[in-house]
Engineer: 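Here you go, one structure.
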Amino acid sequence: YNPSCLFPQSYFSHLPHTLSPVIIKIPKRVFEKSFQQDVRHNLRYILQKTFFKQALRTTGGFIKMEKKNLIVGQSGGPTAVINSSLYGVVSEGIKQEEIGHVYGMVNGIEGFLKGTILDFEEALPGEKLEYLTYTPGAYLGSCRYKLPESLEDPVYPELFRKFEEMNIGWFFYIGGNDSMDTVSKLSRYAAMIGSNIRIIGEPKTIDNDLVHTDHTPGFGSAARYVASTVREITLDANVYEKKSVTIVEIMGRHAGWLTAASALARKYTGDNPLLIYLPETAFDTEEFLKKTEACFEKNCNVVVCVSEGIHDNKGTFICEYDNSVGTDTFGHKMLAGCGKYLENLVRRRLGVKARSIELNVSQRCSASMLSDTDRQEAITAGIFGVQAALKGETGKMVSFIRQETSKGVYQMRCGLEDVNEICNEEKTVPLSWISQDGSDVTEDFIHYARPLIQGNVELPMGEDGLPVCVYRK
């Protein structure tokens with residue numbers, strides 16, 4: 001057996017060239033056990049152990065090993081705390097003795113293929129690293145690059161050749177549903193070729209639609225931003241006594257978690273928003289008009305919150321009533337415009353003042369309403385992922401498990417889930433948390449969401465009076 005098949009060439013730079021091929025006798029019971037568990041992993045371990053014994057004898061007990069390195073990337077839409085997850089991974093990676101360098105992929109897996117990487121100890125030395133936890137957006141940059149479905153595609157050996165050149169032992173990818181698809185494909189390819197690179201997914205999405213986790217980092221801060229903004233919009237709308245309808249369009253293609261968070265804006269029963277529509281149920285424009293008109297009996301100023309992905313009973317998006325929509329690289333329809341359509345519909349049919357407000361990217365990137373619960377949980381997820389990978393875990397996504405004390409106080413602990421059961425699946429708001437007529441959410445949702453928006457973060461301020469963030473130069 002030639003040991004060079006197991007290690008990068010750099011492993012041999014300090015060894016004499018007299019190492020001979022190794023002939024190993026493997027007991028039948030060990031061989032059978034290897035097949036029962038993981039053939040490559042077990043045989044690889046036996047062969048590596050034997051090689052090192054021979055290497056130690058040859059060098060008189062002195063063998064200088066190059067430490068494996070960790071690399072991390074970000075993918076998909078940014079959030080207010082995606083950099084907090086990054087901080088968790090990087091800070092824990094730097095702290096661990098067995099990890100050499102901690103590298104970052106600039107613009108995700110797509111940038112890595114182009115050779116754009118950075119070393120965190122050079123890019124954010126010392127205390128600068130902590131400023132990631134106050135910085136929205138994605139510090140490393142992002143991408144929406146979809147890896148091929150076939151693991152026989154030449155991109156996979158190219159990626160792993162680059163991993164070997166950089167002596168990568170641990171790979172982390174922070175992202176949502178499509179990013180977990182990348183983690184799944186890379187971990188399956190690694191298993192197929194017998195690579196011992198540990199591949200871990202770190203969850204991220206304001207949509208809160210990843211399965212097998214109570215919630216995702218990013219949702220709590222986005223939900224807090226939505227609730228706060230809707231409360232401010234309500235106060236503004238109540239200035240005049242003339243009838244008006246304000247329609248707030250909120251992100252959410254197939255899952256209405258973020259739009260549901262607008263219910264947190266209410267200060268009392270019967271407060272605005274009086275109507276909330278999610279994509280989990282069919283939207284009927286005629287019923288919507290009837291309900292809106294009935295709301296004037298409670299308040300002459302009606303605030304309505306709608307998900308961008310609301311659709312009729314045939315599955316047609318309401319935004320498609322007025323215009324055609326494009327698709328992104330993953331084949332998802334790029335939705336926007338249902339608020340404007342409903343604004344014109346209300347003005348035309350009900351004859352009242354109407355306006356629409358699209359919260360757009362502010363709901364995902366604003367640090368002004370950062371939830372400290374969300375921030376701390378994102379950091380914890382990053383730390384937990386590194387510790388799990390060092391224990392040998394791979395092909396997993398870090399998950400959140402909700403717990404409550406005997407007094408009903410919210411707590412969270414991290415777990416691990418098989419990423420193959422997560423990618424390309426979506427978690428929607430339970431129908432039992434939506435009112436029977438589909439125009440509101442229940443107290444069950446309020447109980448679920450309120451703990452996630454708690455805690456204020458005091459942002460570091462610069463001399464210009466604005467928050468201090470870190471930027472990639």
Side-chain angles (χ1 to χ4, degrees), residues 71-91 102-112 114 116-118 120 123-124 127-145 172-179 182 201-208 210 216-226 228-229 250-252 258 328-329 334 336 358-379 381-382 452-453 456-462 464-473:
I71 194 164
V72 58
Q74 298 170 307
S75 179
T79 77
V81 301
I82 187 173
N83 289 328
S84 293
S85 294
L86 180 64
Y87 171 79
V89 171
V90 175
S91 61
V102 178
Y103 296 117
M105 291 178 275
V106 178
N107 297 119
I109 200 77
E110 186 173 21
F112 178 74
K114 296 176 182 177
T116 52
I117 62 167
L118 58 79
F120 273 98
L124 293 175
E127 295 180 356
K128 286 187 178 181
L129 184 66
E130 190 175 353
Y131 281 94
L132 280 172
T133 67
Y134 306 108
T135 302
Y139 171 77
L140 287 172
S142 186
C143 72
R144 293 192 181 276
Y145 181 82
F172 287 81
Y173 216 41
I174 309 171
N177 210 313
D178 296 323
S179 302
T182 297
E202 292 283 349
K204 172 274 332 171
T205 173
I206 64 169
D207 293 327
N208 198 38
L210 290 176
T216 55
F219 171 66
S221 294
R224 192 181 198 206
Y225 178 88
V226 166
S228 176
T229 302
I250 300 168
M251 285 182 174
L258 203 52
D328 63 18
T329 54
M334 297 183 290
E358 184 184 348
L359 297 191
N360 213 295
V361 297
S362 294
Q363 60 201 299
R364 78 181 187 191
C365 73
S366 175
S368 62
M369 293 304 298
L370 195 60
S371 156
D372 197 42
T373 296
D374 192 25
R375 174 174 168 264
Q376 294 296 338
E377 288 183 347
I379 295 171
L452 309 182
I453 69 169
N456 297 321
V457 177
E458 187 175 343
L459 299 177
M461 305 301 290
D464 59 1
L466 297 175
V468 176
C469 299
V470 287
Y471 300 88
R472 190 167 34 82
K473 295 180 180 180

Engineer: CZ/R364 to OG1/T205 distance, rounded to the nearest 0.5 angstrom?
Structural biologist: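 That separation rounds to 10.0 Å.
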Engineer: A side-chain contact here means heavy atoms from C-beta on lying under 4.5 Å apart; do L359 and M251 qualify?
Structural biologist: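 A side-chain contact is absent here, since even the closest heavy-atom pair is not under 4.5 Å.
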Engineer: For V470, enumerate each residue passing the side-chain contact (heavy atoms from CB on, under 4.5 Å) test, keeping only those at least two apart in sequence or located in another chain.
Structural biologist: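 With neighbours one apart ignored, the set is L124, Y131, L132, T135, Y139.
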Engineer: Got V457 and Q376 here, is their nearest side-chain heavy-atom distance under 4.5 Å?
Structural biologist: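 The answer is no; the side chains never approach within 4.5 Å.
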Engineer: So P78 and P136, do their side chains get closer than 4.5 Å, heavy atoms only?
Structural biologist: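 SC-SC contact between P136 and P78 ruled out.
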Engineer: Quick one: pull up CE in M461 and CG in L466 and give me the separation to the nearest 0.5 Å.
Structural biologist: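 Rounded to the nearest 0.5 Å, the CE-CG separation comes out at 6.0 Å.
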Engineer: How far apart are the closest heavy atoms of S85 and P217, and which atoms are they?
Structural biologist: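 The answer is OG-CB, 4.3 Å.
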Engineer: Apply ring-ring contact (aromatic ring centres under 6.0 Å, His included) to F120 and list each qualifying residue two or more places apart in sequence or on a separate chain.
Structural biologist: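 ring-ring contact (aromatic ring centres under 6.0 Å, His included) list for F120, sorted by chain: empty.
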Engineer: side-chain contact (heavy atoms from CB on, under 4.5 Å) with T133: which residues, sequence neighbours excluded?
Structural biologist: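 side-chain contact (heavy atoms from CB on, under 4.5 Å) list for T133, sorted by chain: S84, Y87, E130, R375, I379.
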Engineer: Are N177 and L210 close enough, and set up right, to give a side chain to side chain contact (heavy atoms under 4.5 Å, CB included), and what steps lead you there?
Structural biologist: CA-CA 6 Å; N177 210 313; L210 290 176; 4.2 Å; yes
Engineer: Counting C-beta onward and ignoring hydrogens, is there a side-chain heavy-atom pair between S91 and L129 closer than 4.5 Å?
Structural biologist: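 Yes. Closest side-chain heavy atoms under 4.5 Å.
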Engineer: State which residues pass side chain to side chain donor-acceptor pair (under 3.5 Å) with Q74; sequence neighbours excluded, sorted by chain then number.
Structural biologist: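 Per chain and number, Q74 pairs via side chain to side chain donor-acceptor pair (under 3.5 Å) with N83.
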Engineer: Under the side chain to side chain donor-acceptor pair (under 3.5 Å) test, which residues partner S75, sequence neighbours left out?
Structural biologist: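 With sequence neighbours excluded, S75 shows a side chain to side chain donor-acceptor pair (under 3.5 Å) to S179, given in chain and number order.
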Engineer: Please name all residues satisfying side chain to side chain donor-acceptor pair (under 3.5 Å) with D207, sequence neighbours left out, ordered by chain then number.
Structural biologist: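 By the side chain to side chain donor-acceptor pair (under 3.5 Å) rule, D207 matches no residue at all.
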Engineer: Applying ring-ring contact (aromatic ring centres under 6.0 Å, His included), name anything that partners Y134, two or more places apart in sequence or on another chain.
Structural biologist: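 If we apply the ring-ring contact (aromatic ring centres under 6.0 Å, His included) test to Y134, skipping adjacent residues, there are no hits.
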Engineer: Within the structure provided, determine whether L258 and F219 are in side-chain contact (heavy-atom separation under 4.5 Å).
Structural biologist: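 Contact flag for L258/F219 side chains = yes.
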Engineer: Verify, without hydrogens or angle tests, whether T216 (side chain) and P203 (backbone) share a donor-acceptor contact under 3.5 angstrom.
Structural biologist: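 Side chain of T216 to backbone of P203: no pair is present.
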Engineer: Could you pull out the closest heavy-atom pair between A123 and L118, with the gap in Å?
Structural biologist: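 Taking A123 first and L118 second, the nearest heavy atoms are CB-CD1, 4.0 Å.
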Engineer: State, with a plain yes or no, whether a side-chain heavy atom of D372 is found less than 4.5 Å away from one of N456.
Structural biologist: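 Contact flag for D372/N456 side chains = no.
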Engineer: Of all residues at least two apart in sequence or in a different chain, which pass the side chain to side chain donor-acceptor pair (under 3.5 Å) check with Q363?
Structural biologist: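 Not a single residue meets the side chain to side chain donor-acceptor pair (under 3.5 Å) criterion with Q363.
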Engineer: Main chain of G76, side chain of S142: is a donor-acceptor contact present, judged purely on distance under 3.5 Å?
Structural biologist: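 Present.
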Engineer: Please identify each residue that fulfils side-chain contact (heavy atoms from CB on, under 4.5 Å) with T79, with sequence neighbours left out.
Structural biologist: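 Partners of T79 under the side-chain contact (heavy atoms from CB on, under 4.5 Å) test: V81, I82, K204, I206.
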Engineer: What residues form a side-chain contact (heavy atoms from CB on, under 4.5 Å) with S368, not counting sequence neighbours?
Structural biologist: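 By the side-chain contact (heavy atoms from CB on, under 4.5 Å) rule, S368 matches Y225, S366.
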Engineer: Counting only N and O atoms by type, is there a donor-acceptor contact under 3.5 Å from the side chain of Y145 to the main-chain atoms of N107?
Structural biologist: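 No, the answer is negative, given that no donor and acceptor are paired below the 3.5 Å cut-off.
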Engineer: Output the distance between atom CE (M369) and atom CG (D374), rounded to the nearest 0.5 Å.
Structural biologist: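 Separation between the atoms: 12.5 Å.
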Engineer: Indicate the atoms forming the closest heavy-atom contact of V72 with V90, along with that distance.
Structural biologist: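 In terms of heavy atoms, the two residues are closest at CG1-CG2, 4.2 Å.
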